[in-house]
Amino acid sequence: MGSSPWLATSALVAALAAFSGRAVMLPPRASATSEQTAIPDAATMLREVEAHQKQLDKMRENYTFRAVQTTRQLDSSGKTKKIETEEHEVFFVNSHRVEKLVRKDGKDLNPDQARKEQDRVNKEVVKISQPGYKSPEEKDDITVARLLQIVAFSRPRRVSLKGRDTIAFDFAGDEHAKTHGRDEEALKKVSGTVWIDEADREVSRMSATLDENYHVGFGLLASVAKGSNVVFDQALIRNEAWLPTAITLHLQARAFLVAGFRADVDIHFDQYKKFQTDAVQQPGATTTVPETH
């Protein structure tokens with residue numbers, strides 16, 4: 001599922017290695033004799049999400065937006081000992097996300113830094129624009145068919161999230177599932193909830209928690225601690241494209257033999273703009289203002 005929030009679960013391990021909002025149940029319908037529309041099963045909904053992905057990827061290429069990341073390094077008692085911020089311009093090329101650093105710790109890049117960053121971005125765009133290009137993440141992409149073999153879904157329910165009808169499912173990895181690669185192995189060790197927009201069949205939120213310690217590189221390079229978690233949110237922008245609005249990550253890890261690394265990472269996305277003036281936009285479309293997290 002390219003560009004899907006399921007990659008966030010491996011971010012809970014891979015990003016992890018490199019260093020929530022509420023849902024309200026809808027009330028019963030007024031008529032005692034009427035019944036709510038049956039809730040589709042998780043397999044059906046996830047296959048529909050996957051089927052929409054290519055169309056969504058194309059729509060995303062019409063937009064540019066801002067990502068502001070705040071990383072709070074924590075001490076052993078959970079108190080903040082260091083804060084770092086980065087601001088990026090984000091856009092998509094050939095279904096791949098490109099990020100250009102523009103500010104760090106509240107300061108614009110100096111001319112030399114800005115030139116080097118632009119050169120890096122230019123090279124990246126050329127690389128990913130090549131026909132048939134696949135990123136390392138895509139090569140390990142997890143299809144819905146594989147996902148359903150690794151993760152079990154339960155407690156389907158209809159809820160309201162951000163004012164929209166949404167279907168929520170809880171999920172948990174199957175520790176006995178046969179897996180291939182780091183991302184699939186990571187899925188066995190997480191549990192959480194996924195919220196799928198009922199009208200658009202897009203994931204609007206996903207939360208995932210690591211249920212047991214996870215070792216990368218046989219534990220020599222990194223070890224991610226049980227309890228690390230990630231929340232991913234996206235929203236319908238301009239009544240046209242689903243784009244990320246926030247990612248919140250709590251990380252406890254030991255990286256490169258350095259013990260006790262703990263951090264809270266908050267990424268907020270905003271300033272959505274049309275990137276291509278000739279893109280098709282639905283009449284009367286307006287920008288959706290994301291919720292504050």
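If you read the sequence from its start, that first residue is 1, and numbering goes on from there. Given the structure is predicted, the values throughout are model-derived calculations rather than measurements.
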field: Candidate pair Arg115 and Asp119, rule salt bridge (charged side-chain N to carboxylate O under 4.0 Å, His left out), full reasoning
entry: CA-CA 6 Å; Arg115 178 184 55 79; Asp119 288 344; 3.7 Å; yes

Salt bridge check: are [X] and [Y] linked by an N-O gap of less than 4.0 Å?
{"X": "Asp197", "Y": "Arg201", "value": "no"}
{"X": "Glu50", "Y": "Arg47", "value": "no"}
{"X": "Arg103", "Y": "Asp108", "value": "yes"}
{"X": "Glu240", "Y": "Lys274", "value": "yes"}
{"X": "Arg72", "Y": "Asp264", "value": "no"}
{"X": "Asp112", "Y": "Lys116", "value": "yes"}
{"X": "Lys162", "Y": "Asp233", "value": "yes"}

Of the non-hydrogen atoms in [X] and [Y], which two are nearest, and what is the gap between them?
{"X": "Lys226", "Y": "Gln252", "value": "O-NE2, 4.0 Å"}
{"X": "Ala43", "Y": "Leu148", "value": "CB-CD1, 3.6 Å"}
{"X": "Arg155", "Y": "Arg157", "value": "O-NH1, 2.8 Å"}
{"X": "Gln118", "Y": "Lys100", "value": "OE1-NZ, 2.6 Å"}
{"X": "Trp242", "Y": "Ser204", "value": "CZ3-CB, 3.7 Å"}
{"X": "Ala263", "Y": "Leu74", "value": "CA-CG, 4.2 Å"}

Do [X] and [Y] have side chains that approach each other closer than 4.5 Å (heavy atoms only, starting at C-beta)?
{"X": "Arg158", "Y": "Thr37", "answer": "yes"}
{"X": "Phe269", "Y": "Arg66", "answer": "no"}
{"X": "Leu46", "Y": "Thr44", "answer": "no"}
{"X": "Thr70", "Y": "Glu86", "answer": "no"}
{"X": "Met45", "Y": "Ile167", "answer": "yes"}

Sidechain-backbone polar pair: [X] side chain, [Y] backbone, donor-acceptor under 3.5 Å:
{"X": "Glu99", "Y": "Glu89", "answer": "no"}
{"X": "His96", "Y": "Asn94", "answer": "yes"}
{"X": "Asn229", "Y": "Gly227", "answer": "yes"}
{"X": "Thr85", "Y": "Asp105", "answer": "yes"}
{"X": "Thr64", "Y": "Val90", "answer": "yes"}
{"X": "Asp200", "Y": "Glu202", "answer": "no"}
{"X": "Glu61", "Y": "Lys58", "answer": "no"}
{"X": "Gln234", "Y": "Val203", "answer": "yes"}
{"X": "Arg60", "Y": "Ser95", "answer": "no"}
{"X": "Lys188", "Y": "Ala177", "answer": "yes"}

In one Ile/Leu/Val/Met/Phe/Trp/Tyr side-chain cluster, 4.5 Å: [X], [Y]:
{"X": "Val125", "Y": "Val102", "value": "no"}
{"X": "Ile83", "Y": "Ile247", "value": "no"}
{"X": "Val231", "Y": "Val68", "value": "no"}

Do [X] and [Y] get their side chains close enough for a donor-acceptor pair, meaning under 3.5 Å?
{"X": "Thr193", "Y": "Asp170", "answer": "yes"}
{"X": "Asp211", "Y": "Ser191", "answer": "yes"}
{"X": "Glu84", "Y": "Thr71", "answer": "no"}

message: In terms of relative ring orientation, are Phe171 and Phe153 parallel, tilted or perpendicular, with 30° and 60° separating the classes?
response: tilted

side-chain contact (heavy atoms from CB on, under 4.5 Å) assessment of Val151 paired with Phe169: CA-CA 12 Å; Val151 175; Phe169 299 91; over 6 Å; no

message: Using side-chain contact (heavy atoms from CB on, under 4.5 Å), reason through Trp195 and Ser207 one step at a time and then give a plain yes or no.
response: CA-CA 9 Å; Trp195 290 262; Ser207 65; 3.9 Å; yes

- request: Could you name each residue pair satisfying salt bridge (charged side-chain N to carboxylate O under 4.0 Å, His left out) that touches residues 144-153, not counting sequence neighbours?
  value: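 As it turns out, the salt bridge (charged side-chain N to carboxylate O under 4.0 Å, His left out) pairs with a partner in residues 144-153, which skip direct neighbours, are Arg146-Glu184.
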
query: So, Tyr272 versus Tyr63, ring centres under 6.0 angstrom or not?
result: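 Ring-ring flag for Tyr272/Tyr63: false, centres at least 6.0 Å apart.
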
message: Could you list the cluster mates of Leu101? Members are the ILVMFWY residues connected by side-chain heavy atoms closer than 4.5 Å, either directly or through other members.
response: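 Leu109, all in the cluster of Leu101.
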
- request: For side-chain contact (heavy atoms from CB on, under 4.5 Å), just list the numbers for Glu198 and Ile39, CA-CA rounded to whole Å, side-chain angles, deciding distance to a tenth of an Å, and then say yes or no.
  value: CA-CA 9 Å; Glu198 190 166 10; Ile39 297 176; over 6 Å; no

Just how far is it from atom [atom1] of [X] to atom [atom2] of [Y], taken to the nearest 0.5 Å?
{"X": "Arg262", "Y": "Thr80", "atom1": "CZ", "atom2": "OG1", "value": "10.5 Å"}
{"X": "Asp266", "Y": "His250", "atom1": "CG", "atom2": "NE2", "value": "11.5 Å"}
{"X": "Lys189", "Y": "Thr179", "atom1": "NZ", "atom2": "OG1", "value": "8.5 Å"}
{"X": "Asn62", "Y": "Ile237", "atom1": "CG", "atom2": "CD1", "value": "13.5 Å"}
{"X": "Phe65", "Y": "Gln271", "atom1": "CZ", "atom2": "CD", "value": "11.5 Å"}

- prompt: NZ of Lys104: more than 12 outside heavy atoms within 6.0 angstrom?
  reply: yes

query: Given Val98 and Ile128, is the side-chain contact (heavy atoms from CB on, under 4.5 Å) satisfied, shown in steps?
result: CA-CA 9 Å; Val98 179; Ile128 66 181; 3.5 Å; yes

